[in-house]
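When a residue number appears, it is its place in the shown sequence, counting from 1.
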Amino acid sequence: MIRRYSIWLMAFLVLAGGVWLSWPWVAHRLAMKILEARLPEVARTAPDFRLESSSGAQVRLSDFEGKVVLLNFWATWCGPCKTEIPWFIGFRNEFGARGFEVVGVAMDDEGWEVVRPFIAARKMNYPVLLGNETISALYGEVEALPTTFVIGRNGRIAAIHRGLIDKAKFREEILQLLAGPS
């Protein structure tokens with residue numbers, strides 16, 4: 001009788017240990033599903049907005065109508081964002097004449113005080129706008145940085161990326177959208 005309880009106790013402990021060890025993975029997957037549910041869907045029209053640029057001008061997403069737009073939410077303190085910025089500068093140089101634009105949305109709480117010197121130091125050649133809670137909500141509560149929306153000439157979201165992805169993947173998506181109907 002005692003032996004049977006020992007076997008059941010061991011089985012329970014093994015099962016409980018497996019659950020205990022896997023809960024971080026399960027929690028991560030659940031959190032990602034919740035975040036994905038908040039994001040605008042691919043193939044939906046990208047929400048329009050109006051934000052202040054580093055030059056003080058008011059910029060709307062609709063100002064880039066008919067262009068392929070890479071809309072990048074970033075911050076000066078974000079390591080992966082710092083990795084992507086030179087790529088985006090290069091893409092802007094390479095594809096700008098073909099109807100491509102990068103629009104950066106800085107999500108720094110300190111505002112232009114930290115963003116303007118950062119732009120100047122990195123010689124960012126694309127419009128940088130100062131983000132806020134309103135645009136974050138409009139784009140599905142942007143909580144992870146970087147978050148990038150690749151938008152086609154038709155104004156529809158073609159791809160959404162949270163976190164750092166491969167430069168070649170961005171290039172592939174940009175080229176595919178530039179090759180499409182204008």
Side-chain angles (χ1 to χ4, degrees), residues 29-76 78 80-81 83-85 87-109 111-112 115 119 124-182:
R29 297 295 302 157
L30 181 59
M32 294 306 287
K33 289 291 183 193
I34 291 168
L35 284 174
E36 288 170 6
R38 290 182 178 178
L39 288 173
E41 294 175 23
V42 170
R44 292 189 63 198
T45 300
D48 198 12
F49 56 80
R50 186 180 69 207
L51 294 171
E52 181 184 353
S53 73
S54 57
S55 66
Q58 293 293 309
V59 176
R60 301 178 67 95
L61 180 62
S62 56
D63 294 342
F64 306 102
E65 187 176 334
K67 292 186 174 193
V68 172
V69 176
L70 190 145
L71 179 64
N72 177 246
F73 291 83
W74 64 281
T76 58
C78 167
C81 301
T83 300
E84 289 180 336
I85 288 170
W87 302 349
F88 298 160
I89 292 169
F91 291 153
R92 175 69 169 54
N93 288 335
E94 185 176 355
F95 303 123
R98 293 176 56 189
F100 172 76
E101 187 61 79
V102 177
V103 178
V105 179
M107 299 300 289
D108 288 86
D109 291 333
W112 290 122
V115 175
I119 293 168
M124 295 169 72
N125 62 349
Y126 53 87
V128 175
L129 316 175
L130 192 58
N132 54 39
E133 292 300 318
T134 303
I135 191 168
S136 175
L138 198 59
Y139 278 83
E141 301 297 336
V142 174
E143 295 174 354
L145 296 177
T147 295
T148 305
F149 295 82
V150 184
I151 303 167
R153 293 181 194 273
N154 59 3
R156 296 191 180 276
I157 298 169
I160 303 170
H161 303 290
R162 264 188 320 285
L164 183 65
I165 69 161
D166 187 53
K167 178 181 178 181
K169 179 69 174 163
F170 278 126
R171 175 181 290 283
E172 174 187 321
E173 291 171 352
I174 293 165
L175 286 172
Q176 183 177 10
L177 289 170
L178 288 173
S182 35

Q: Measuring only between side-chain heavy atoms, which start at C-beta, is D63 closer than 4.5 Å to Q58?
A: no
Q: With a 4.5 Å heavy-atom cut-off, do L177 and F100 have their side chains touching?
A: no
Q: Within the 4.5 Å heavy-atom criterion, are R153 and K67 side-chain neighbours or not?
A: no
Q: The test is side-chain contact (heavy atoms from CB on, under 4.5 Å); show your working for T134 and F49 and say whether it passes.
A: CA-CA 9 Å; T134 303; F49 56 80; over 6 Å; no
Q: Any non-hydrogen side-chain atom of Y126 less than 4.5 Å from a side-chain atom of V103?
A: no
Q: How long is the straight-line distance from CZ of F149 back to CG of L70, given to the nearest 0.5 Å?
A: 11.0 Å
Q: Please check this pair: side chain of N93 against backbone of G96, looking for a donor-acceptor N/O pair closer than 3.5 Å.
A: no
Q: Which atom pair, heavy atoms only, marks the closest approach of F95 to L175?
A: CE2-CD2, 3.5 Å
Q: Could you report the tightest heavy-atom contact between S54 and I119, atom names first, then the distance?
A: CB-CD1, 3.8 Å
Q: Testing the basics here: between M124 and I89, what is the closest heavy-atom pair and its distance to 0.1 Å?
A: CA-CD1, 4.0 Å
Q: To the nearest 0.5 Å, what is the distance between CZ on F73 and CZ on R162?
A: 13.0 Å
Q: How many angstroms lie between CG in N72 and CG in L129, if you round to the nearest 0.5 Å?
A: 11.0 Å
Q: Main chain of V115, side chain of D108: is a donor-acceptor contact present, judged purely on distance under 3.5 Å?
A: no
Q: How many angstroms lie between atom OG1 of T148 and atom CG of L71, to the nearest 0.5 angstrom?
A: 8.0 Å
Q: Any idea which heavy atoms bring P47 and L138 closest together, and the distance?
A: CB-CG, 3.4 Å
Q: To the nearest 0.5 Å, tell me how far W87 CH2 sits from I165 CD1.
A: 7.5 Å
Q: Take atom CD in E94; do more than 12 heavy atoms of anything else shown fall under 6.0 Å from it?
A: yes
Q: Ring centroids only, cut at 6.0 angstrom: are F88 and F170 within range, meaning strictly under it?
A: yes
Q: Does atom CZ (R50) have a neighbourhood of more than 12 heavy atoms from anything else shown, all under 6.0 Å?
A: no
Q: Can you tell which of E84, K169, E173 makes a side-chain hydrogen bond (donor to acceptor under 3.5 Å, both in side chains) with H161?
A: E173
Q: Compare every heavy atom of Y139 with every heavy atom of L61, then report the nearest pair and how far apart it is.
A: CD2-OH, 3.3 Å
Q: Quick check for you: to the nearest 0.5 Å, what is the distance between R171 atom CZ and L178 atom CG?
A: 11.0 Å
Q: Using every non-hydrogen atom in the two residues, find where L164 and P146 come nearest and quote the distance to one decimal.
A: N-CG, 4.2 Å
